[in-house]
Engineer: 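Sharing a structure with you now.
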Number of protein chains: 2
Amino acid sequence: MYDKTISSAVIKRLPRYYRYLGELLENDVVRISSKELSEKMNVTASQIRQDLNNFGGFGQQGYGYNVEYLYTEIGKILGLDKKYNVIIIGAGNLGQALANYTDFERRGFYICGIFDVNPRLIGISIRGIEIRLIDELEEFMKTNTVNIAALTIPKAKAPQVAADLVSLGIHAIWNFAPTDLNLPKDVMVENVHLAESLMRLSYNLKAAEESGESI
Amino acid sequence: MYDKTISSAVIKRLPRYYRYLGELLENDVVRISSKELSEKMNVTASQIRQDLNNFGGFGQQGYGYNVEYLYTEIGKILGLDKKYNVIIIGAGNLGQALANYTDFERRGFYICGIFDVNPRLIGISIRGIEIRLIDELEEFMKTNTVNIAALTIPKAKAPQVAADLVSLGIHAIWNFAPTDLNLPKDVMVENVHLAESLMRLSYNLKAAEESGESI
DNA sequence: TAGATTGTTAATCGATTAACAATC
DNA sequence: TAGATTGTTAATCGATTAACAATC
């Protein structure tokens, strides 16, 4: 099947469409036009139509979009019609917080393993999932299907652990370590760099204060 | 002082420059050219020079950039030469994980308060910071300087709590709740939408699998 | 000085917005 | 049918890359 590559600008917006449509669905809204949605979301109607038409024609002239249908279709585009087994590497505060976050399951992401180097954490269970020693990872990967690995370990260890995961067959890494991972191009990496996010906030806070002063 | 507005594309890249320069500094690298840096970071040298020149000329022809100087200057641009007092609203797993994350202090972000609605959490201390009942927030805000509020509460409560924070004088919100906050434009909001990040990963995983099949 | 590399202008590329014919 | 709204092409805008004169 031929897929023209979709720009990452479009991909970044898809989950937000999905969220708004989910809320409309909860509120029993049956149909919505690109114009109405654009007003709710603070984007242009043109952009919504352009974005959607990268994937097909989901609307109907004169009517708009059926909310439930569009929600389902965007879900499929995002791969949310599948189940994913997720392991968490690093059972520190953040790793445990992710493991405790039940909302991911609603979207099809199931935590099936948590690993750490610290022997003291071994045996502790989070929502029924026992923390295992990292040494058991290889054996675990052989006997379980794992689709995604969340990396919540210190920066210094991240590149090596990521490379190990790839050699064990992982193709998707959700990286919380504050470093870039250079992996083969068939391995997808999604970064969550909290420190960088906080720096953008402080930049904007500072910039807003300065522009406020000058006027 | 007149500041032309810097595009958000540039702002997004600044923390990454800062990170790479910090690493160079740790490795005692004294100078670097835009070309060398571009190779390390996988961006064009042109983009680096364009980005930096939004803020001033930090380099020297024929020499390149002094690593320590550029690191410091980007830090200033990002507002990292200041100290920020941060409160965390929501002492669940994620809120506690943020409170435990000591690395933020290194950049000047100090957690000074943690609040929750759950009375059972009251009195628990995280790194010496006691969790307080949300009812105490107003009084706390009157007697303390707070620059940033991290919002780690459920989606349903986020808009109201955010509005309350703004009325108490907060101008910067680090929003982890999976919802958009519509606040006055002098209030800066930086979103961290983990579920959306995970959806982008599953999109890319799926897209990579499909393109792999077709070839 | 000669070589290197910046700062900056110009060219290109891609993404967003506008417009409108198609059509439900 | 008439009105509404899509899907899609064309126009605009902004961001990225290339080129090069300035200069250390």
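Each chain gets a letter, A, B and so on, in the order its sequence line appears, and its residues count up from 1.
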Engineer: Does Gln47(B) have a side-chain nitrogen or oxygen under 4.0 Å from the phosphate oxygens OP1 or OP2 of dT16(D)?
Structural biologist: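 Yes, within the criterion.
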Engineer: Atom OH of Tyr65(A) and atom P of dT6(D): how far apart are they, to the nearest Å?
Structural biologist: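 Atom-to-atom, Tyr65(A) to dT6(D), this comes out as 5 Å.
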Engineer: In whole Å, I'd like the distance from the OH atom of Tyr63(B) to the P atom of dG7(C).
Structural biologist: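 Roughly 13 Å, once rounded to whole Å.
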Engineer: Between P on dT6(C) and CG on Leu37(B), what's the gap in Å once rounded to a whole number?
Structural biologist: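 In whole Å, dT6(C) P and Leu37(B) CG are 10 Å from each other.
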Engineer: So, under a plain 3.5 Å distance rule, would you say the side chain of Gln50(B) forms a donor-acceptor pair with the base of dT9(C)?
Structural biologist: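 Per atom types, the contact qualifies.
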Engineer: Please tell me if Ser34(A) has a side-chain N or O lying less than 4.0 Å from either OP1 or OP2 of dT6(D).
Structural biologist: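 Yes.
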Engineer: Classify the angle between the aromatic ring planes of Tyr84(B) and Phe109(B) as parallel (below 30°), tilted (30 to 60°) or perpendicular (above 60°).
Structural biologist: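 Rings of Tyr84(B) and Phe109(B): parallel, as their planes differ by under 30°.
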Engineer: Has Arg31(B) got its NZ or CZ under 6.0 Å from the middle of the six-membered ring of Tyr65(B), at an angle within 45 degrees of the ring axis?
Structural biologist: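 No, Arg31(B) does not lie over the aromatic ring of Tyr65(B).
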Engineer: In whole Å, I'd like the distance from the CG atom of Leu70(A) to the P atom of dT6(D).
Structural biologist: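 Distance, rounded to whole Å: 11 Å.
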Engineer: Thr44(B) near the nucleic acid: base, sugar-phosphate alone, or nothing, with a heavy-atom cut-off under 4.0 Å?
Structural biologist: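 Sugar-phosphate contact only - Thr44(B) comes under 4.0 Å of backbone atoms but never of a base.
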Engineer: Are any side-chain N or O atoms of Arg127(B) and backbone N or O atoms of Ala99(B), one a donor and one an acceptor, separated by less than 3.5 Å?
Structural biologist: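 Yes: the side chain of Arg127(B) pairs with the backbone of Ala99(B).
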Engineer: I need the CD1-P distance between Ile48(A) and dA15(C), as an integer number of Å.
Structural biologist: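 Those two atoms, CD1 and P, are 18 Å apart.
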Engineer: Parallel, tilted or perpendicular, judged at 30° and 60°: which one describes the rings of Trp174(A) and Phe104(A)?
Structural biologist: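 Aromatic pair Trp174(A)/Phe104(A) classed perpendicular.
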Engineer: Look at the side chain of Ser33(B) and decide which nucleotide, out of dT6(D), dG7(C), dT6(C), has an atom nearest to it.
Structural biologist: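 Given the options dT6(D), dG7(C), dT6(C), the side chain of Ser33(B) is closest to dT6(C).
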Engineer: Would you confirm whether Ser202(A), through its side chain, and Gly79(B), through its main-chain N or O, come within 3.5 Å as a donor-acceptor pair?
Structural biologist: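 Flag not set: sc Ser202(A) to bb Gly79(B) has no pair under 3.5 Å.
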Engineer: I need the NZ-C1' distance between Lys35(B) and dG7(C), as an integer number of Å.
Structural biologist: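 Rounded to whole Å, this separation is 18 Å.
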Engineer: In whole Å, I'd like the distance from the CG atom of Asn66(A) to the P atom of dT6(D).
Structural biologist: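 Those two atoms, CG and P, are 13 Å apart.
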Engineer: Are Arg49(B) and dT6(C) close enough that a side-chain N or O sits under 4.0 Å from OP1 or OP2?
Structural biologist: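 So the side chain of Arg49(B) is within the cut-off, an N or O lying under 4.0 Å from OP1 or OP2 of dT6(C).
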Engineer: Rounded off to whole Å, could you give me the CD-to-P distance for the Glu73(B) and dG7(C) pair?
Structural biologist: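 Distance, rounded to whole Å: 12 Å.
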Engineer: Kindly point out which of dT6(C), dT6(D), dT16(C) is positioned nearest to the side chain of Ala9(A)?
Structural biologist: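 So the nucleotide nearest the side chain must be dT16(C).
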Engineer: On DNA chain C, does the nearest nucleotide to Ser7(A) precede the nearest nucleotide to Gly62(A) from the 5' side, or the other way round? Give the residue.
Structural biologist: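 Counting from the 5' end, the first nearest nucleotide belongs to Ser7(A).
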Engineer: Does the structure show a Watson-Crick or G-U wobble partner for dT5(D), both distances under 3.5 Å? Name it, or say none.
Structural biologist: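 Looking at the geometry, dT5(D) pairs with dA22(C).
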Engineer: Does the structure show a Watson-Crick or G-U wobble partner for dT17(C), both distances under 3.5 Å? Name it, or say none.
Structural biologist: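 Partner of dT17(C): dA10(D).
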Engineer: Considering only side-chain heavy atoms of Arg13(B), which listed nucleotide, dC24(D), dT16(D), dA18(C), is closest?
Structural biologist: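 Of all the options, the side chain of Arg13(B) is nearest to dT16(D).
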